[in-house]
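Please find one structure pasted underneath; my questions will follow.
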Number of protein chains: 2
Amino acid sequence: MVNWPKRGMTRPESSRLRPRVAPTDLTKIDFTELVPDPVPFLGQAAYIQLEFFEGLARAVATAPTLPSKEGLSSAAGVALRKHHALIAELRRLGVEPDGVMAPFAPATDRFRQATAGADWYEQLLGIHVTSGMLDDYFSRLAAGLPADLGARVRVILAEEGAAAVLYSELLSAIAEHPGLSDRLALWGRSLVGDTLLIARSALKASDAADRLSGAVEPVFTELIASHTRRMDALGLTA
Amino acid sequence: MVNWPKRGMTRPESSRLRPRVAPTDLTKIDFTELVPDPVPFLGQAAYIQLEFFEGLARAVATAPTLPSKEGLSSAAGVALRKHHALIAELRRLGVEPDGVMAPFAPATDRFRQATAGADWYEQLLGIHVTSGMLDDYFSRLAAGLPADLGARVRVILAEEGAAAVLYSELLSAIAEHPGLSDRLALWGRSLVGDTLLIARSALKASDAADRLSGAVEPVFTELIASHTRRMDALGLTA
């Protein structure tokens with residue numbers, strides 16, 4: 001089981017990094033059956049990109065150097081494009097985006113506050129970890145959308161954005177400040193629980209999570225595994 | 001004479017809204033002769049757009065409603081595109097943008113702080129007034145750049161951005177809050193001095209401003225006149 005709400009979760013045992021049982025044995029329910037309808041999917045995904053944009057824009061404003069500003073502002077531009085492209089998909093469905101996004105605002109705003117971090121470095125890692133996990137997750141969810149829409153959404157979410165610039169900013173910060181890596185390792189770990197809660201909230205039948213955990217578990221296991229790889233690449237223990 | 005450094009300047013007399021003497025009589029120096037070299041021009045213009053982006057992004061983050069967020073985030077995207085397009089022009093000239101922008105950072109950062117405002121409405125008017133005046137001003141300056149570059153810069157700066165969305169946000173805010181217009185009128189007036197100082201700092205021979213004031217005065221007079229029209233459109237006394 002994924003430890004949903006606990007902050008500061010400990011390192012997942014290595015056995016969790018691959019499913020103990022092959023997914024087909026676990027359940028007859030396919031993960032894509034849990035994918036929400038297109039309208040709420042797009043509303044939540046669009047609002048999350050807006051949060052990433054706001055976080056990256058704040059990181060631009062507080063960046064210590066002009067090269068950092070430039071890299072981060074490009075990343076902010078990508079998040080903004082994703083937000084507007086997802087909104088455009090809602091309009092294409094004949095839906096006004098504001099009403100669709102509004103229900104997701106309170107939880108997503110709380111999520112942003114919880115993952116904002118105490119300083120610029122924690123803020124960068126917060127965006128790196130949460131956008132890395134959630135862009136990946138929503139791309140997987142898109143497999144359960146109508147085929148045309150799903151394909152367009154995956155193209156939207158696949159645009160290279162924050163990952164490369166955040167990786168290189170964090171890598172040089174860690175190299176420069178000896179004490180930073182321990183603090184960031186702890187911080188990175190504490191981000192996982194909040195991010196998985198947001199991911200779970202996107203599922204159609206999140207109220208029946210127990211029955212469906214067999215379908216969900218492998219996907220979340222893979223999310224955590226790629227989080228671990230992302231942290232490893234920075235030399236941080238996940 | 002333009003009242004350079006005074007904050008809270010009073011309404012310009014109506015006679016100032018058109019040059020008292022035809023520009024050709026005033027001076028033999030053409031305004032475009034005061035235009036800086038392409039590299040510092042692009043560096044300052046690019047950094048100013050970055051400030052507009054940061055201001056608009058902050059306005060997105062603090063916007064009270066989702067429709068406001070959407071409009072302002074589009075405007076932030078436009079400012080960011082202008083910033084990146086001007087930076088691309090620097091690279092086309094074989095120059096690294098960071099070193100070129102850096103000298104403009106302290107004065108522009110102070111300018112942003114001075115024009116940030118005490119609340120969301122003052123912040124919006126701050127961006128509306130300063131970006132309205134400076135986009136216009138840098139487009140005029142571009143007439144003194146080499147023809148190709150000047151034409152491209154005018155296209156970059158002409159992209160419709162913040163003006164329409166800020167206008168409509170401010171107009172509805174003023175209609176909704178009866179006391180707001182007096183406060184915003186005062187605030188709008190106090191922005192002009194700081195903005196003209198930034199504009200003057202862009203000129204090549206700003207240290208010899210007296211000798212050149214004949215060439216500069218008509219341009220600044222027109223900037224103030226269009227500021228007055230912008231404020232009038234909001235029902236605010238300039």
Side-chain angles (χ1 to χ4, degrees), chain A residues 42-44 46-88 90-91 95-106 108-109 112-113 116 123 127 159 161 165, chain B residues 42-44 46-88 90-91 95-106 108-109 112-113 116 123 127 159 161 165:
Chain A
L42 291 168
Q44 186 173 23
Y47 195 82
I48 286 172
Q49 293 300 327
L50 182 63
E51 295 280 5
F52 291 151
F53 164 71
E54 292 183 13
L56 285 163
R58 210 170 46 246
V60 171
T62 52
T65 69
L66 280 170
S68 299
K69 273 183 191 281
E70 189 182 347
L72 289 166
S73 72
S74 296
V78 173
L80 194 57
R81 268 200 296 283
K82 291 181 182 177
H83 168 65
H84 286 142
L86 293 165
I87 274 186
L90 280 169
R91 293 231 162 81
V95 182
E96 255 314 295
D98 305 319
V100 181
M101 289 191 289
F104 298 105
T108 316
D109 292 349
R112 180 179 50 157
Q113 281 155 22
Q123 196 194 346
I127 303 167
E159 186 181 357
V165 55
Chain B
L42 291 167
Q44 186 174 21
Y47 195 82
I48 286 172
Q49 293 300 326
L50 182 63
E51 295 280 5
F52 291 151
F53 164 71
E54 292 182 13
L56 286 162
R58 209 169 50 244
V60 171
T62 53
T65 69
L66 280 171
S68 298
K69 272 182 192 282
E70 190 183 347
L72 290 166
S73 72
S74 295
V78 173
L80 193 57
R81 267 199 297 282
K82 291 180 182 177
H83 168 66
H84 286 141
L86 293 166
I87 274 185
L90 280 169
R91 292 230 164 82
V95 182
E96 255 313 296
D98 305 320
V100 181
M101 290 191 288
F104 298 105
T108 316
D109 291 350
R112 179 178 52 156
Q113 281 155 21
Q123 196 194 345
I127 302 167
E159 187 181 359
V165 56

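Proteins get letters first, then strands, A, B, ... in listed order; numbering begins at 1 in each.
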Q. B/L56, B/T65, B/L80: which one forms the most heavy-atom pairs within less than 4.5 Å of chain A?
A.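 Among B/L56, B/T65, B/L80, the one with the most close pairs to chain A is B/L80.
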(Q) Less than 4.5 Å to any heavy atom of chain A: does that hold for the side chain of B/S74, its backbone, both, or neither? (A)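 It is both, since atoms from each part get that close.
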Q: Quick one: which of A/R81, A/E96, A/K69, A/E51 has the most heavy-atom pairs under 4.5 Å with chain B, could you say?
A: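 That would be A/K69.
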(Q) Given heavy-atom pairs under 4.5 angstrom as the criterion, report whether the side chain, backbone, both or neither of B/E70 touches chain A. (A)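 It is both, since atoms from each part get that close.
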Q. Of all heavy-atom pairs between B/S73 and A/H84, which one has the smallest distance, and what is that distance?
A.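 That would be OG-NE2, 3.0 Å.
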(Q) Testing the basics here: between B/P67 and A/D98, what is the closest heavy-atom pair and its distance to 0.1 Å? (A)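 Answer, listing the atom of B/P67 first, then A/D98: CG-OD2, 3.3 Å.
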Q.
Please enumerate all residues that pass side chain to side chain contact (heavy atoms under 4.5 Å, CB included) together with B/A105, with sequence neighbours excluded.
A.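 Listed in chain order: B/Y47, B/D109.
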